[in-house]
Amino acid sequence: MQHAPRDFEAETLAADDPRFVAALDLQIAQMRRLLDLMAPASGAEALRAVREAFPEMPLVERARAVAGYRE
């Protein structure tokens, strides 16, 4: 596993920045992939798994990933 250099600083992106949208789409895709691999039996189990794997993501984004998975 690679680590960021000690002088690394993350850049804050505005919500209308195309890179922000792309990063958000990537995270949602990663959450859905996790759910595909897990095949949770219920929505509650899916939300719990996504919360544990992606604790930094807001609830609305985790719910969006689960909703897209359950469709």
Side-chain angles (χ1 to χ4, degrees):
M1 182 171 164
Q2 295 180 349
H3 296 282
R6 290 189 185 272
D7 60 347
F8 173 81
E9 288 187 33
E11 179 183 353
T12 302
L13 299 173
D16 62 347
D17 187 315
R19 296 174 296 167
F20 176 83
V21 175
L24 185 58
D25 288 345
L26 176 62
Q27 287 242 311
I28 290 172
Q30 290 171 335
M31 287 186 267
R32 288 182 180 156
R33 177 69 179 141
L34 171 75
L35 294 173
D36 285 341
L37 294 172
M38 284 187 58
S42 69
E45 184 181 350
L47 272 174
R48 187 173 28 261
V50 172
R51 183 184 65 233
E52 289 173 5
F54 298 90
E56 74 287 351
M57 291 298 291
L59 174 60
V60 67
E61 300 306 335
R62 293 191 308 254
R64 183 179 297 163
V66 171
Y69 169 75
R70 301 297 278 174
E71 292 176 348

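Being a predicted model, the structure only gives us computed values, none of them experimental. Along the sequence shown, residues carry numbers from 1. Atoms considered below: every heavy atom in the structure, side chains included; atoms not considered: hydrogens, waters and symmetry mates.
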Please collect all side chain to side chain donor-acceptor pair (under 3.5 Å) contacts where either partner lies in residues 13-29, sequence neighbours excluded, each pair once.
Glu11-Arg19, Asp17-Arg19
Can you tell me if Glu45 uses its side chain to pair, donor with acceptor, with the backbone of Ala41 under 3.5 Å?
yes
Locate the shortest heavy-atom distance separating Ala49 from Leu34; write the atom from each residue and the value.
O-CD2, 4.0 Å
As an exercise, state the distance from CE of Met31 to CZ of Arg62, rounded to the nearest 0.5 Å.
8.0 Å
Looking only at non-hydrogen atoms, find the nearest pair between Leu35 and Ala65 and report the distance.
CD1-O, 4.2 Å
As a quick check of understanding, evaluate side chain to side chain contact (heavy atoms under 4.5 Å, CB included) for Val66 and Arg48, giving each step before the final call.
CA-CA 10 Å; Val66 171; Arg48 187 173 28 261; over 6 Å; no
If I take atom CZ from residue Arg33 and atom CG from residue Leu37, how far apart are they, to the nearest 0.5 angstrom?
4.0 Å
Answer yes or no: is there a side-chain heavy-atom contact under 4.5 Å between Phe54 and Glu61?
no
